[in-house]
S.K.: 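Sending over a structure as structure tokens; questions will come in a sec.
Chain letters run A, B, ... following the sequence lines, proteins first and then strands; every chain starts at 1. Since the model is a prediction, treat every value here as computed from it, not as a measurement.
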Number of protein chains: 2
Amino acid sequence: MTTTSDSTKKTTSAPAEKYRRYLQMLKKAGLRLTPQRMAICAYLAHTERHPSAYQVYEELAATHPGISRATVYNTLNTLRELGAIVELSFGSDHTHYETNTQPHVNLICLRCHKIIDYYGDPGVDALMERVRQETGFQSVAVKLDLVGFCAECRLQRLDEIRAMLKTAAQDKFPQTRNSKEEIV
Amino acid sequence: MTTTSDSTKKTTSAPAEKYRRYLQMLKKAGLRLTPQRMAICAYLAHTERHPSAYQVYEELAATHPGISRATVYNTLNTLRELGAIVELSFGSDHTHYETNTQPHVNLICLRCHKIIDYYGDPGVDALMERVRQETGFQSVAVKLDLVGFCAECRLQRLDEIRAMLKTAAQDKFPQTRNSKEEIV
DNA sequence: GCCGTAAATTAGATTGGTTCTAAATATAAA
DNA sequence: TTTATATTTAGAACCAATCTAATTTACGGC
Ligand SMILES: [Mn+2]
Ligand SMILES: [Mn+2]
Ligand SMILES: [Zn+2]
Ligand SMILES: [Zn+2]
């Protein structure tokens, strides 16, 4: 029996369902369903982006005044430990989270830091099963990230390189190190 | 012509070659080959692990007294921007780096934080090409991580769950949050 | 080989996202 | 209700990473 019976491929990522799944995972772990945890789960269930812990706190604080940093960070860590959400990494200094559990590929632009969800089965299910049989490693989640340059940035990049060549001598390297922008 | 002409599948990951490749990338970017940068590249070329920036600094400081944090962090950031190394993320609080450029899968254990390199082509080349054609996204590097539990930890985990059930009431959740160990 | 200059390194201060702490509060069982 | 335990909160503390200003170095040109 294969685990992937794709007969009923209903939208398992609808916010409401995602929300219920989060709560269920917390409950199963023996944790209490407090208003704060529910608010955090609701936020994660409804976002289409890849928010950082700090973003989750800031945006929740706006609608839920009084919620504390500690609670948000603890809950995010708990959800990560439970495998409900997955930590993402790229150049940014913040920790970002993946809340989309549908198997997909993250296209992470090195220039604008945009993250595009790409669907197009790369045979991830088969890979997970093969790994389990060959190594005994039991996968909980897959992180498949392609790091590179998005279509727009490819063009922008050409302009930048041209400009760089013109200015020649000085400014050999763009040095966008200190950029704090977070287009996620 | 396909890019993967596997007739001459020589060991492209031999430390010496890896080292030369790092230096070449720095040079190509118009950066100077200082003793410090060479030491850092040598360290990265020879490690079989997935070291954190802090680890690189600490271990280099032992053999190269006087090397500064700033230099190590700046060089690692530069190498990341050049695509020579790739940032990894998992539960740990430090930033870790992938120095293995051979296409492979990282098996990241959620329990012991061990990272196992797994080879077994999941069709990554094909995926990169498909993505480029369909979305215009130009991939520079692939990060394919399976997050879960390694063979040993799966067994340990069963024991832990059994113990947890026995102790019942108290200690419902292991709470290994504060663990600072870094088995990487 | 020496010079001149931009690049790089260094020690130390600073930053800021995250974690820790102890007191207050909420939850659920008895 | 009472009691025990879990959770939240505000703010302090932490510390990996970054920044800064002064010093040193690398390297092309002579
Ligand atoms: Mn995604
Ligand atoms: Mn690896
Ligand atoms: Zn972009
Ligand atoms: Zn393990």
Side-chain angles (χ1 to χ4, degrees), chain A residues 26-27 29-41 51-61 64-81 87-89 91-97 167-180 182 184, chain B residues 23 26-27 29-41 51-61 64-81 87-89 91-97 167-180 182:
Chain A
L26 289 174
K27 207 166 198 175
L31 300 169
R32 291 178 183 171
L33 299 186
T34 65
Q36 291 88 343
R37 281 179 178 154
M38 286 160 76
I40 294 165
C41 288
S52 69
Y54 198 77
Q55 270 173 31
V56 176
Y57 167 67
E58 273 194 330
E59 298 189 21
L60 269 179
H64 296 71
I67 198 167
S68 73
R69 261 181 299 282
T71 299
V72 173
Y73 279 91
N74 287 339
T75 302
L76 288 172
N77 278 332
T78 301
L79 287 170
R80 175 173 52 68
E81 284 165 6
E87 200 176 326
L88 281 183
S89 88
S92 170
D93 42 357
H94 301 41
T95 302
H96 286 254
Y97 290 102
T167 330
Q170 76 242 58
D171 208 347
K172 258 177 198 163
F173 208 57
Q175 211 73 349
T176 51
R177 184 82 41 80
N178 310 11
S179 63
K180 293 275 181 185
E182 295 272 342
V184 180
Chain B
L23 296 191
L26 288 174
K27 207 167 198 174
L31 301 170
R32 294 179 180 173
L33 299 185
T34 65
Q36 292 87 345
R37 281 179 178 156
M38 288 162 75
I40 294 165
C41 288
S52 70
Y54 198 77
Q55 268 173 32
V56 176
Y57 166 68
E58 272 195 329
E59 298 188 21
L60 270 179
H64 297 70
I67 199 168
S68 73
R69 259 180 302 282
T71 299
V72 173
Y73 279 92
N74 285 340
T75 302
L76 289 173
N77 277 333
T78 301
L79 288 171
R80 173 173 52 69
E81 283 166 6
E87 202 175 325
L88 280 183
S89 86
S92 171
D93 41 358
H94 300 42
T95 301
H96 285 254
Y97 290 101
T167 331
Q170 77 241 56
D171 207 346
K172 258 177 201 166
F173 207 56
Q175 209 73 349
T176 50
R177 183 83 40 81
N178 310 12
S179 62
K180 291 276 179 188
E182 293 273 344

S.K.: For B/Leu23 and B/Met38, which heavy atoms make the closest approach, and how far apart are they?
M.R.: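 In this case the closest contact between B/Leu23 and B/Met38 is CD2-CG, 3.9 Å.
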
S.K.: In whole Å, I'd like the distance from the CG atom of A/Leu33 to the P atom of C/dA26.
M.R.: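 Taking atom P of C/dA26 as the reference, CG of A/Leu33 is at 17 Å.
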
S.K.: Suppose we screen for side chain to side chain contact (heavy atoms under 4.5 Å, CB included). Which residues come up paired with A/Arg37, at least two apart in sequence or across chains?
M.R.: A/Leu26, A/Leu31, A/Arg32, A/Thr34, A/Thr75

S.K.: Atom CG in A/Leu88, atom CD in B/Glu87: separation rounded to 0.5 Å?
M.R.: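 Reported to 0.5 Å precision, the distance equals 11.0 Å.
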
S.K.: OP1 or OP2 of D/dT18 versus the side-chain N and O atoms of B/Tyr73: is any pair under 4.0 Å?
M.R.: no

S.K.: Whole-Å distance between D/dT9 P and A/Leu60 CG?
M.R.: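 In whole Å, D/dT9 P lies 11 Å from A/Leu60 CG.
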
S.K.: With sequence neighbours excluded, what pairs up with A/Glu58 under the side chain to side chain contact (heavy atoms under 4.5 Å, CB included) test?
M.R.: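 Listed in chain order: A/Tyr54.
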
S.K.: I want to check one thing: is the phosphate of C/dT18, taken as OP1 and OP2, less than 4.0 Å away from some side-chain N or O of A/Thr95?
M.R.: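 Yes, A/Thr95 has a side-chain N/O under 4.0 Å of OP1/OP2 on C/dT18.
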
S.K.: Which whole-number value in Å describes the distance from B/Asn74 CG to C/dT9 P?
M.R.: 8 Å

S.K.: Under 4.0 Å from OP1 or OP2 of C/dA8: is there any side-chain N or O of B/Arg37 that close?
M.R.: yes

S.K.: So, is B/Thr71 close to the C/dT10 phosphate, meaning a side-chain N or O under 4.0 Å from OP1 or OP2?
M.R.: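 Checking C/dT10 against B/Thr71, a side-chain N or O does come within under 4.0 Å of OP1 or OP2.
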
S.K.: Please give, in whole Å, the distance from C/dG17 C1' to A/Leu88 CG?
M.R.: 17 Å

S.K.: Just N and O in the side chain of A/Tyr54: are any of them under 4.0 Å from OP1 or OP2 of C/dG17?
M.R.: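 The answer is yes; a side-chain N or O of A/Tyr54 sits under 4.0 Å from OP1 or OP2.
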
S.K.: Heavy atoms from C-beta onward define the side chain here; which of C/dT18, D/dA6, D/dC27 lies closest to that of A/Arg69?
M.R.: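 Minimum distance to the A/Arg69 side chain belongs to C/dT18.
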
S.K.: What is the bend of the helix from C/dG1-D/dC30 to C/dA30-D/dT1 when you compare the axis at one end with the axis at the other, using five pairs each and rounding to 10°?
M.R.: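 Angle reported: 50°, given to the nearest ten degrees.
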
S.K.: Using whole Å, report how far CD of A/Glu58 lies from P of C/dG16.
M.R.: 13 Å

S.K.: Give a yes/no answer on whether the side chain of B/Gln36 brings an N or O atom under 4.0 Å of OP1 or OP2 in C/dT10.
M.R.: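 Result: yes.
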
S.K.: Counting only side-chain heavy atoms from C-beta out, which of C/dG17, D/dT9, D/dA16 sits nearest to A/His94?
M.R.: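 Output: C/dG17.
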
S.K.: Using the closest heavy atom to pick a nucleotide of DNA chain D for each, name whichever of B/Pro35 or A/Thr34 lands nearer the 5' end.
M.R.: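 The residue mapped nearer the 5' terminus is A/Thr34.
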
S.K.: Go through D/dA17, D/dC19, D/dA10 for me and flag the one nearest to the A/Ser68 side chain.
M.R.: D/dA10

S.K.: List the atom of B/Ile40, the atom of B/Val72, and the distance in Å for their closest heavy-atom pair.
M.R.: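 Answer, listing the atom of B/Ile40 first, then B/Val72: CD1-CA, 3.8 Å.
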
S.K.: For residues A/Tyr73 and A/Ala53, report the shortest heavy-atom separation together with the two atoms involved.
M.R.: CE2-CB, 3.4 Å

S.K.: Starting at atom CD1 of B/Ile67, determine the distance to atom C1' of D/dT23, rounded to an integer number of angstrom.
M.R.: 17 Å

S.K.: Mind calculating the distance between NE2 (A/His64) and P (D/dT8) to the nearest angstrom?
M.R.: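 That distance rounds to 13 Å.
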
S.K.: Are any of B/Asn77's side-chain N or O atoms less than 4.0 Å away from OP1 or OP2 of D/dA17?
M.R.: no

S.K.: If you check every side-chain atom of B/Arg32, which of D/dT18, C/dA6, C/dT10 has the closest atom?
M.R.: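 Closest nucleotide to the B/Arg32 side chain: C/dA6.
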
S.K.: Tell me: CG of B/Leu31 to C1' of D/dC27, nearest whole Å?
M.R.: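 So the two atoms are 14 Å apart, to the nearest Å.
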
S.K.: Identify the two heavy atoms, one from A/Arg80 and one from A/Tyr97, that lie closest to each other, and give their separation to 0.1 Å.
M.R.: CD-CE2, 4.3 Å

